[in-house]
Amino acid sequence: MKIAVLSDIHSNVFALEAVIADAKKHSVDLMVNLGDILYGPIAPKATFDLLMQHEIVTICGNQDRQIFEATKAEIDSNSTMKFIIDDLGAEPISWMKSLPFDVQLNDDVYLCHGTPDNDLVYLLENVELGYACLRSDSEIITLLNGQGSKLICCGHTHTPRAVTLTTGQIIVNPGSVGLQAYTDDEPIIHSMENFNAMASYSIVEKTGDNWSVLHIKVPYDVGLAVTECDKRERMDWVHFLTTGRKV
């Protein structure tokens, strides 16, 4: 089994197009999408339309929830959210509401956005210093809370990693398709940086009893995404997209 693992598209249809095309070149058996799909100042509806053209196993991310749980006050105070809601219309929002929190793909493979219990918690990274540091083996096992699958795919941090635990389990984060850096204030102010502008995804493949992991960086026309962010006056996103670095 060969699986293309995508996550954190963040409305970047231009990066998604490049990743899907690349995954097809690798003749994958299946594509999975780990959430945070349509939130962003780029092209939410176009991203949804592209996804609907393909069979992709998809789960919900925290910023997918943020869209369909947004109150009128939150929409009115957040110009990016207002753009997203207006651009999407009813069908994509209903689709996001229908997405599962997680998926047990088979006996070997489990999919989640953050951790098996919380889509807001980073499974692999500690950010207490303001940047990403890998958690200890015991911390990660505790956060798994008994989830025993051999291969666990998570997203949320936009940071590509493959970590083997003392349990023999492999945790894979494919990084972000659509946004290579960001700054957030939860749980504390911190930044994630990948130091490049390329779209990120991973291919995992089972051979015998083992899984191989291939992290892939795909170039795409970043200028197209930047143009859309510029229209929405999101210069922070322009910087994140073009440099892969914090502002």
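In this chain, numbering begins with 1 at the start of the sequence shown. Hydrogens, waters and symmetry mates are skipped; everything else that's a heavy atom, side chains included, is used.
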Colleague: If we ignore hydrogens and angles and just use 3.5 Å, is the side chain of Lys217 paired with the main-chain N or O of Ala199 as donor and acceptor?
Modeller: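 Such a contact is absent between Lys217 side chain and Ala199 backbone.
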
Colleague: Between Asn173 and Thr157, is any side-chain donor less than 3.5 angstrom from a side-chain acceptor?
Modeller: yes

Colleague: Is any side-chain heavy atom of Ile141 less than 4.5 Å from a side-chain heavy atom of Thr166?
Modeller: yes

Colleague: Is there a path of hydrophobic side-chain contacts, each under 4.5 Å between heavy atoms, that joins Val247 and Ile42?
Modeller: yes

Colleague: Taking the side chain as every heavy atom from C-beta outward, state whether Leu16 and Leu6 have any pair of such atoms under 4.5 Å apart.
Modeller: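 The answer is yes; the side chains approach within 4.5 Å.
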
Colleague: Under the rule for salt bridge (charged side-chain N to carboxylate O under 4.0 Å, His left out), what residues qualify as partners of Lys72, not counting sequence neighbours?
Modeller: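 Expected list: Asp76.
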
Colleague: Taking a hydrophobic cluster as the set of Ile, Leu, Val, Met, Phe, Trp and Tyr residues connected by side-chain heavy atoms closer than 4.5 Å, whether directly or through intermediates, do Val172 and Leu124 fall within one such cluster?
Modeller: no

Colleague: Is a side-chain N or O of Asn12 found less than 3.5 angstrom from the main chain of Gly178, in a donor-acceptor match?
Modeller: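 At least one qualifying donor-acceptor pair exists.
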
Colleague: Please tell me if the side chains of Ile67 and Leu38 come closer than 4.5 Å, counting only heavy atoms from C-beta onward.
Modeller: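 In contact.
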
Colleague: If you measure only the distance, is there a donor-acceptor pair under 3.5 Å linking the side chains of Gln104 and Ser149?
Modeller: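 Yes, a side-chain donor-acceptor pair sits under 3.5 Å.
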
Colleague: State whether a side-chain donor-acceptor pair under 3.5 Å links Tyr182 with Asp236.
Modeller: no

Colleague: If you take all heavy atoms of His190 and Glu186, which pair is closest and at what distance?
Modeller: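 Shortest heavy-atom separation between His190 and Glu186 comes out as CE1-O, 2.8 Å.
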
Colleague: Are Leu99 and Val57 grouped together when hydrophobic residues (ILVMFWY) are joined by side-chain heavy atoms under 4.5 angstrom apart?
Modeller: no

Colleague: Quick one: are Arg65 and Cys60 in side-chain contact, heavy atoms under 4.5 Å?
Modeller: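 Arg65 reaches Cys60 side chain to side chain.
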
Colleague: Identify the two heavy atoms, one from Pro41 and one from Ser11, that lie closest to each other, and give their separation to 0.1 Å.
Modeller: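 Residues Pro41 and Ser11, closest heavy atoms: N-OG, 3.9 Å.
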
Colleague: Judged by modelled atom types alone, do Thr80 and Arg234 share a side-chain donor-acceptor pair under 3.5 Å?
Modeller: yes

Colleague: Under 3.5 Å, side chain of Asn126 to main-chain N/O of Ala132, donor-acceptor pair present?
Modeller: no

Colleague: For Ile37, is there any backbone N or O sitting under 3.5 Å from a side-chain donor or acceptor partner on Asp64?
Modeller: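 Yes.
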
Colleague: Strictly by ring pair (Phe, Tyr, Trp, His ring centres under 6.0 Å), give each pair with a member in residues 83-113 just once, sequence neighbours left out.
Modeller: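 For residues 83-113: Phe48-Trp95, His113-His156.
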
Colleague: If you compare all heavy atoms of Pro174 against all heavy atoms of Ser202, which two are closest, and at what distance to 0.1 Å?
Modeller: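 The pair with the smallest heavy-atom distance is CA-OG, 3.2 Å.
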
Colleague: Could you go through the side chain to side chain contact (heavy atoms under 4.5 Å, CB included) check for Asp108 and Leu151 one step at a time?
Modeller: CA-CA 6 Å; Asp108 275 349; Leu151 176 69; 5.6 Å; no

Colleague: Which pair of non-hydrogen atoms, one from Asp221 and one from Phe14, has the smallest distance, and what is that distance?
Modeller: O-CB, 4.4 Å

Colleague: Run Val5 and Leu34 through side chain to side chain contact (heavy atoms under 4.5 Å, CB included) and show every step you take.
Modeller: CA-CA 8 Å; Val5 186; Leu34 305 180; 3.7 Å; yes

Colleague: Give the minimum heavy-atom separation between Glu193 and Ala181, together with the two atoms involved.
Modeller: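 Of all heavy-atom pairs spanning Glu193 and Ala181, the closest is CA-CB, 4.2 Å.
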
Colleague: Below 4.5 Å, heavy atoms only, C-beta onward: do Ile56 and Leu51 meet side chain to side chain?
Modeller: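 Yes; the side chains approach each other to less than 4.5 Å.
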
Colleague: Give a yes or no answer on whether the side chain of Tyr201 reaches the backbone of Ala23 with a donor-acceptor pair at less than 3.5 Å.
Modeller: yes

Colleague: Can you tell me how the ring of His10 sits relative to the ring of His158, calling it parallel under 30°, perpendicular over 60° and tilted otherwise?
Modeller: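 It falls in the tilted class, 30° to 60°.
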
Colleague: Checking the side chain of Asp29 only, and the main-chain atoms of Ile3 only, is there a donor and an acceptor separated by less than 3.5 Å?
Modeller: no

Colleague: Counting only N and O atoms by type, is there a donor-acceptor contact under 3.5 Å from the side chain of Ser191 to the main-chain atoms of Thr183?
Modeller: no

Colleague: Which residue is it: Ile170, Ile171, Asp137, Val213? I am looking for the one with a side-chain contact (heavy atoms from CB on, under 4.5 Å) to Thr164.
Modeller: Ile170

Colleague: Can you measure from CD1 (Ile140) to CG (Leu123) and round to the nearest 0.5 angstrom?
Modeller: 6.0 Å

Colleague: Looking only at side chains, do Ser136 and Glu139 share a donor and an acceptor under 3.5 Å apart?
Modeller: yes

Colleague: Pair Arg245, Phe195 - check side chain to side chain contact (heavy atoms under 4.5 Å, CB included), show working.
Modeller: CA-CA 5 Å; Arg245 290 170 165 80; Phe195 309 104; 3.7 Å; yes

Colleague: Keeping Glu74 on the side-chain end and Thr71 on the backbone end, is there a donor-acceptor pair under 3.5 Å?
Modeller: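 Side chain of Glu74 to backbone of Thr71, a donor-acceptor pair under 3.5 Å: yes, one is there.
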
Colleague: What do the steps show when you test Asp117 against Asn145 for side chain to side chain contact (heavy atoms under 4.5 Å, CB included), and what is the final call?
Modeller: CA-CA 8 Å; Asp117 299 318; Asn145 194 25; 3.1 Å; yes

Colleague: Measure the NZ-OG1 distance between Lys2 and Thr207 for me, rounded to the nearest 0.5 Å.
Modeller: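 Nearest 0.5 Å value for the NZ-OG1 distance: 9.0 Å.
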
Colleague: Strictly distance-based, threshold 3.5 Å: is any side-chain N or O of His239 a donor or acceptor partner for the main-chain N or O of Lys246?
Modeller: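 Indeed, once roles are kept as given, a pair shorter than 3.5 Å links the two residues.
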
Colleague: Hey, does Ile84 have a side-chain heavy atom less than 4.5 Å from the side chain of Asn78?
Modeller: no

Colleague: Okay, side chain of Asp87, backbone of Lys45: is any donor-acceptor separation there less than 3.5 Å?
Modeller: yes

Colleague: Please answer: with hydrophobic residues joined when any side-chain heavy atoms are less than 4.5 Å apart, are Leu30 and Val177 in the same cluster?
Modeller: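 Leu30 does not cluster with Val177.
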
Colleague: Same cluster for Leu50 and Val218 if Ile/Leu/Val/Met/Phe/Trp/Tyr side chains link at under 4.5 Å?
Modeller: yes

Colleague: Going through the checks in order, is the side-chain hydrogen bond (donor to acceptor under 3.5 Å, both in side chains) test met by Thr167 and Gln169?
Modeller: CA-CA 5 Å; Thr167 59; Gln169 295 168 283; 2.7 Å; yes

Colleague: Please check if the number of heavy atoms outside Leu129 that lie under 6.0 Å from its CG is greater than 12.
Modeller: yes

Colleague: Can you find a pair of side-chain heavy atoms, one from Asp22 and one from Val19, that are under 4.5 Å apart?
Modeller: no

Colleague: Do Glu205 and His26 come within less than 4.5 Å of each other through their side chains, counting heavy atoms only?
Modeller: no

